[in-house]
Each structure stands twice: as C-alpha cells, then as structure tokens.
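Comments concern the structure below.
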Amino acid sequence: MDAGFSVTYHEYTISIVEADRRFTAIVTRPGALIQHDGHASERWSSASCGSFDRALVVAKKAIDGDVIR
C-alpha cells in the first residue's frame, strides 16, 4: 500500500492509500476519536474506489454529511 497523499479537511486528516490500482480514503482526527455507524474509533475507511479523486470525494462527503463526526 502506498500512503502518498494526506490533506487536512475541516478538523480531519484525509489520507488516500493505493493498493493494486484501487484507492481508499482513511479519515482521522488528531487527538480525538471518530464516531461512525454507532461506534467510536481512531479512523474511518471508505470502500475502495477506482480513482484517487473519487476516494477523496467520498471522504469529504462523509465528513460534510455527518456520516462521520
């Protein structure tokens, strides 16, 4: 896996990792847990996407739509 990109979006850090030409967004929040699906954890991961851009959009939509908080 290649973790070649990371960006801050609101108070979250979005990292995009690539494995076998598939891209997964991993969202963390420094110093805090992320709540999603009724659970709290250190990170949230998207389903794998076919493009880097799509993985980034999925992560931003999850943050903006309160899927993760």
Side-chain angles (χ1 to χ4, degrees):
M1 264 194 193
D2 176 27
F5 176 81
S6 183
V7 65
T8 300
Y9 184 72
H10 299 298
E11 69 266 19
Y12 299 92
T13 300
I14 301 171
S15 300
I16 307 294
V17 294
E18 180 190 6
D20 299 321
R21 296 185 310 247
R22 300 292 295 174
F23 299 85
T24 303
I26 298 172
V27 179
T28 57
R29 185 167 42 188
L33 294 177
I34 293 177
Q35 294 189 23
H36 59 94
D37 301 324
H39 305 303
S41 61
E42 292 181 3
R43 68 185 202 160
W44 173 87
S45 298
S46 71
S48 68
C49 300
S51 73
F52 173 92
D53 292 337
R54 178 70 182 144
L56 186 58
V57 167
V58 167
K60 288 180 176 182
K61 281 187 173 185
I63 293 167
D64 292 342
D66 282 335
V67 171
I68 57 178
R69 51 186 171 273

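Quick note: residue numbers are just sequence positions, from 1.
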Original post:
Side chain of R22, backbone of A47: donor and acceptor closer than 3.5 Å?
Top reply: no
**OP:** Quick one: do D64 and H10 satisfy side chain to side chain contact (heavy atoms under 4.5 Å, CB included)? Show the steps, please.
**Re:** CA-CA 9 Å; D64 292 342; H10 299 298; 3.5 Å; yes
Original post:
Between Y9 and K60, is any pair of side-chain heavy atoms under 4.5 Å apart?
Top reply: yes
Original post:
In Å and rounded to the nearest 0.5 Å, what is the CD1 to CD1 distance from I34 to I63?
Top reply: 7.5 Å
Subject >> Short side-chain to backbone donor-acceptor contact, R54 and C49, under 3.5 Å >> reply: no
**OP:** Please round to the nearest 0.5 Å and tell me the distance separating atom CD of E18 and atom CG of D20.
**Re:** 8.5 Å
Original post:
Can you get from I14 to L33 by hopping between Ile, Leu, Val, Met, Phe, Trp and Tyr side chains that sit under 4.5 Å apart?
Top reply: no
Subject >> Identified side chain to side chain contact (heavy atoms under 4.5 Å, CB included) counterpart of Y12 within the set V7, V27, T28 >> reply: V27
Original post:
What's the spacing between R21 CZ and S51 OG if we round to 0.5 Å?
Top reply: 14.0 Å
Original post:
Going from CZ on R29 to OG on S41, what distance comes out if it is rounded to the nearest 0.5 angstrom?
Top reply: 10.0 Å
Original post:
Counting heavy atoms not belonging to E11, are there more than 12 under 6.0 Å from its CD?
Top reply: yes
Subject >> Minimal non-hydrogen separation, F52 against F23, with atom names >> reply: N-CD1, 3.5 Å
Original post:
Does A55 offer a backbone N or O that forms a donor-acceptor pair with the side chain of S46 under 3.5 Å?
Top reply: no
Original post:
What heavy-atom pair brings H36 and R43 nearest, and what distance separates the two atoms?
Top reply: NE2-O, 3.7 Å
Original post:
So which heavy atom on A62 is nearest to which on W44, and how close?
Top reply: CB-CH2, 3.8 Å
